[in-house]
Amino acid sequence: MYAARMSNLPPYLFARIDEMKAEQQKKGTDIIDLGVGDPDLPTPDHIVTSLCEAAKNPDNHHYPSYAGMPKYRSAVADWYKKRFGVRLDAGKEVLALMGSKDGIAHIAEAFVNPGDYVLAPSPGYPVYRTGTLFAEGRVHEMPLTRENNFVPVLDDIPKKVAKAARLMFINYPNNPTAAVAPEGFYREVVDFAHEHTIVVVSDNAYSEIAYDGYRAPSFLEVKGAMEVGIEMHSLSKTYNMTGWRIGMAVGNAEILAGLGRIKTNVDSGVFNAVQHAAITALRGPQDCVKNACAIYQERRNVLIAGLQDLGFDVPVPKATFYVWLPVGDCMAFAAKLLNKAGIVVTPGVGFGSSGEGYVRFAITRPAERIREAIERMRRIDE
Ligand SMILES: *Cc1c(COP(=O)(O)O)cnc(C)c1O
């Protein structure tokens, strides 16, 4: 019944975990779900209020403009200037997205011919791969391992692949490994992209979720980056707005025009009232972001201290709301946590073959629940 491309989609590796979770739920187990990459904290009040007001205005009830309202695009440009020192022309170098997933899923259609390579991190956000498959491109995985500090080694990419590559996805602060981009990495990427004529897509969804004073840079801060690439960003993680579906692609005007042309044919933009609320988020007080980070930081400390106390050798993440734990067989470990302790974590192999050996904890639950999870883990082996 289905088209051939459907069978090219990777198997849904979380299905087994979902089944086990359903079994536990049926038994009435009090499940601690540390699997989801979705903030448990609500969207700040002033942003919700802004949406409610904008939703009442009939001017906002029509089809939005495809690229986003000029006011929204200016707010994005001003935020990029203030936050990263990156200057953007709001008219040509900013495109509204229905969340960054929208841009990530569609970009390959604009740049990849059947058989072309797309360079994507493994483990990585699964949409880099599926977007490539829909465009009938081939994914070349760039392994992120502890040995390389979870950063792709560009010299390891075979010359033949680099020559036939059209796109490269990079993602720092990284989901799922929680690694940050080391000094000099973006410079290397820009040089590599120039040399091989590759379009770079930097996924910076977690730039604002950072700890201990760490400030994540934008890929576009590097000289020459605007010539080869774009950055996808989003309000989802920064302002707890995953359900609202709003984000942005910024950077090279010609690349954005390509993505925009695909999108014009598949969607009709973001509800104007949501764009108004996003303007309020970007231009308004930012203490809500600081407060959320303080909450995550405490949870991170509780989880890391607990895991270390249990004997795990785990790096302390500087950013994102994930902890990437080396555990050996990841499916077996995730199944054990679920069946013996009612804890859901995500097996690393679901993010690509190089994710084997790890599970991802999302600290999107209160500190007490994380403490409880650690206590339950302690009891498993007793
Ligand atoms: C959450 C996430 C996104 C997409 O989020 P949107 O809600 O679509 O903006 C993109 N990339 C990574 C790595 C993510 O974790």
Smallest heavy-atom separation, I17 atom then A334 atom, equals CD1-CB, 3.7 Å

Assess the residue pair V200 and V190 against the criterion (side-chain contact (heavy atoms from CB on, under 4.5 Å)); give the C-alpha distance rounded to whole Å, side-chain angles, the decisive distance to 0.1 Å, and a yes or no. CA-CA 8 Å; V200 178; V190 169; over 6 Å; no

Side chains of L34 and I32, heavy atoms from C-beta outward: is any pair under 4.5 Å? yes

What residues, two or more places apart in sequence or in another chain, satisfy salt bridge (Lys or Arg N to Asp or Glu O under 4.0 Å) together with E375? R378

Using the rule given for salt bridge (charged side-chain N to carboxylate O under 4.0 Å, His left out), can you reason through K318 versus D212, listing the C-alpha separation, both sets of side-chain angles and the distance that settles it, and then say yes or no? CA-CA 7 Å; K318 285 199 188 80; D212 311 323; over 6 Å; no

M69 vs I279 side-chain heavy atoms within contact, under 4.5 Å: yes

State yes or no: are the ring centers of F351 and Y125 separated by less than 6.0 Å? no

Give every donor-acceptor pair under 3.5 Å between a side-chain atom in residues 335-344 and any protein atom, sequence neighbours left out.
from: N339; atom 1: OD1; to: Q24; atom 2: NE2; distance (Å): 3.4
from: N339; atom 1: ND2; to: A335; atom 2: O; distance (Å): 3.2

Whether F271 and H61 hold their rings parallel, tilted or perpendicular, with breakpoints at 30° and 60°: tilted

Kindly list each side-chain donor-acceptor pair under 3.5 angstrom involving residues 245-254, sequence neighbours excluded, with atom names and distances?
from: R245; atom 1: NH1; to: T242; atom 2: O; distance (Å): 2.9
from: R245; atom 1: NH2; to: M98; atom 2: O; distance (Å): 3.4
from: N252; atom 1: OD1; to: E254; atom 2: N; distance (Å): 3.0
from: N252; atom 1: OD1; to: I255; atom 2: N; distance (Å): 2.9
from: N252; atom 1: ND2; to: M226; atom 2: O; distance (Å): 2.9
from: N252; atom 1: ND2; to: E227; atom 2: O; distance (Å): 3.4

Report yes if some heavy atom in the side chain of V153 is under 4.5 Å from a heavy atom in the side chain of N148; otherwise report no. yes

Between the CD1 atom in I295 and the CZ atom in F321, the distance rounded to the nearest 0.5 Å is 13.0 Å

Under 4.5 Å between any side-chain heavy atoms of R146 and Y358, yes or no? yes

Run V189 and I170 through side-chain contact (heavy atoms from CB on, under 4.5 Å) and show every step you take. CA-CA 9 Å; V189 169; I170 50 174; 4.2 Å; yes

Between atom CG of N240 and atom CG of L41, what is the distance when rounded to the nearest 0.5 Å? 5.0 Å

Solution key, residues 173-182 side-chain donor-acceptor pairs under 3.5 Å, sequence neighbours excluded:
from: N174; atom 1: OD1; to: T177; atom 2: N; distance (Å): 3.0
from: N174; atom 1: OD1; to: T177; atom 2: OG1; distance (Å): 2.7
from: N174; atom 1: ND2; to: N171; atom 2: O; distance (Å): 3.0
from: N174; atom 1: ND2; to: N171; atom 2: OD1; distance (Å): 3.4
from: N175; atom 1: OD1; to: R360; atom 2: NH1; distance (Å): 2.9
from: T177; atom 1: OG1; to: A179; atom 2: N; distance (Å): 3.3

Are any non-hydrogen side-chain atoms of M142 and S122 less than 4.5 angstrom apart? no

Using the test ring pair (Phe, Tyr, Trp, His ring centres under 6.0 Å), find all partners of Y117 that sit at least two apart in sequence or belong to another chain. none

Please state whether the rings of F219 and Y186 are parallel, tilted or perpendicular, taking 30° and 60° as the class boundaries. perpendicular

In the hydrophobic cluster built from side-chain contacts under 4.5 Å, what are the other members alongside L9? M1, Y2, M6, F134

Do I107 and V112 come close enough that some side-chain heavy atom pair is under 4.5 Å? no

Side-chain donor-acceptor contact under 3.5 Å, S100 with H233: no

Are the side chains of L119 and L167 in touch, meaning some heavy atoms are under 4.5 Å apart? no

Look at the rings of Y128 and F169 and say which category their plane angle falls in: under 30° parallel, 30 to 60° tilted, over 60° perpendicular. parallel

